[in-house]
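Since this is a predicted model, take the numbers as computed values, not measurements. To find a chain, count down the sequence lines: A is the first, B the second, and so on, and within it residues start at 1.
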Number of protein chains: 2
Amino acid sequence: MNDRSPVMELVHVLRAVTVEFDLLGAEFAARHGLHPTDVRALIHLLDAARKDIPATPGWLGRQMRLNSAGTTALVDRLERLELVRRTKDTADRRRVLLEVEEKATELGWSFFGPVIAEVVAVAEGFDTGELETVRGFLTAVLHSTQQARAT
Amino acid sequence: MNDRSPVMELVHVLRAVTVEFDLLGAEFAARHGLHPTDVRALIHLLDAARKDIPATPGWLGRQMRLNSAGTTALVDRLERLELVRRTKDTADRRRVLLEVEEKATELGWSFFGPVIAEVVAVAEGFDTGELETVRGFLTAVLHSTQQARAT
DNA sequence: GCGTAATATCTCGCTCACCGAGATTATCGC
DNA sequence: GCGATAATCTCGGTGAGCGAGATATTACGC
């Protein structure tokens, strides 16, 4: 596999994009006095809310690869910042549901807003078919790596 | 901006890919008894070596958004793990150059190898023009976000 | 050349994110 | 009901990263 092959270029740029997004998250976190982990958690929680997946501490911990102690600490932090609220699940009273506060969605938009604007601006230069190609490729990579990680 | 618009789908999948890559890094780190930060540092150092950019603690700290104390601790860790070597710069003797050991490149390949294999497999289903479209799009997003972060 | 400012790195003390182990509380199958 | 299982939380400890400041080397103004 040549270092200059088209596919290797793709790998490099993909990696560079993830590094860049990480740094964006870290800077956003620092600017708002929270930790990169909190931003990552926020992303997962907003994602869950968007997809109507019930979010619990256990679920969040699995997403973030944190153990239960770390997860409790994380949720404590988020609750203290008034970004989430703990509520008991009436069906299974062992469970605690995490509900994102409005403050959290606002924070989420102020993080993603600029990113979305960037991507929208870039997308201007591509036609619908091309964007569909990009989306298809990224989706395939996503599923492929998720698959690989699960094994 | 509709949540189901093609561009928003792209944003979501891009974000999902970065989350997935983060998790890959974290799991790789855990499996090798090091920290996600160490893996990130390794990526930056191997990148620098590949591009013939001289890597110093200061440079690495800027890439990672660590302050000097944290950077020193990081380099200490990497040196203890025999992944990098500190050498004095003869031109500017205030500076310390970080040279990656062979062990580090091996570790890098064992991390990227599987990822590359995934991307290569996915790329099979796309022709050269399509891959070029994807690469162009990601490169544009990369530059655009780098630009935005600098301001 | 000489003193001063700027630059690169490191040291010290501290905070707190995260882990391992285990306690607590609630649910389910028998 | 009772043991097994599951979800969450508590406690104690480790160490990554920060702020402040020390040290060493180089660049600049005179």
- [ ] Mind listing the closest non-hydrogen atom pair of B:P57 and B:T71 along with its distance?
- [x] O-CG2, 3.1 Å
TODO: Return the value, rounded to whole Å, for the distance between atom CG of B:L66 and atom P of C:dT11.
DONE: 17 Å
TODO: Please state how far atom CG in B:N67 lies from atom P in C:dT9, giving the value in whole angstrom units.
DONE: 13 Å
- [ ] Nearest whole angstrom, please: distance from the C1' of D:dG15 to the CG of B:L34.
- [x] 15 Å
Open item on the list: Measuring from atom CG of B:L34 to atom CG of B:L78, what distance do you get when rounded to the nearest 0.5 angstrom?
Closed with: 8.5 Å
Open item on the list: Any side-chain N or O of B:T72 below 4.0 angstrom from OP1/OP2 of C:dT11?
Closed with: no
TODO: Check every strand shown and say whether A:A69 touches a base, only sugar-phosphate, or nothing at a heavy-atom separation below 4.0 Å.
DONE: base
Task: Enclosure of A:K88 NZ (heavy-atom neighbours >12, cutoff 6.0 Å) - done: no
TODO: Measure the distance from NZ on B:K88 to C1' on C:dT7 and round it to the nearest whole Å.
DONE: 14 Å
TODO: Would you kindly give the CG-to-C1' distance between A:L74 and C:dC19, to the nearest whole Å?
DONE: 14 Å
Open item on the list: Whole angstroms only, please: what is the CG-P distance between A:L78 and D:dC9?
Closed with: 12 Å
TODO: Would you please classify the geometry between the A:W59 ring and the A:H44 ring as parallel, tilted or perpendicular, with 30° and 60° separating the classes?
DONE: perpendicular
- [ ] Give a yes or no on whether B:W109 and B:L81 share a hydrophobic cluster (residues Ile, Leu, Val, Met, Phe, Trp, Tyr; joining criterion: side-chain heavy atoms under 4.5 Å apart).
- [x] yes
Task: Chi angles and distances behind the side chain to side chain contact (heavy atoms under 4.5 Å, CB included) call for B:D89, B:V96 - done: CA-CA 6 Å; B:D89 187 342; B:V96 168; over 6 Å; no
Open item on the list: Measuring to OP1 and OP2 of D:dC9, would you say a side-chain N or O of A:T71 lies under 4.0 angstrom away?
Closed with: no
Task: Whole angstrom value for the distance that separates C1' of D:dA7 from CG of A:L60 - done: 14 Å
Write out a two-atom table: protein N or O, nucleotide N or O from nucleotides 22-30 of chain C, distance below 3.5 Å.
residue : atom : partner : partner atom : Å
C:dT27  : OP1  : A:R93   : N            : 2.9

TODO: Indicate, with yes or no, if B:L10 and A:I43 share a hydrophobic cluster defined by side-chain heavy-atom contacts under 4.5 Å among Ile, Leu, Val, Met, Phe, Trp and Tyr.
DONE: yes
Task: Between D:dG15 (P) and B:L81 (CG): distance, integer Å - done: 13 Å
Open item on the list: On the nucleotide D:dA16, are OP1 or OP2 found under 4.0 Å from the side-chain N or O atoms that B:R77 carries?
Closed with: yes
Open item on the list: Using a 4.0 Å heavy-atom cut-off, does A:R62 contact any base of the nucleic acid, only the sugar-phosphate backbone, or nothing at all?
Closed with: nothing
- [ ] Would you indicate what A:R86 reaches in the nucleic acid, counting non-hydrogen atoms under 4.0 angstrom: base, sugar-phosphate, or nothing?
- [x] sugar-phosphate
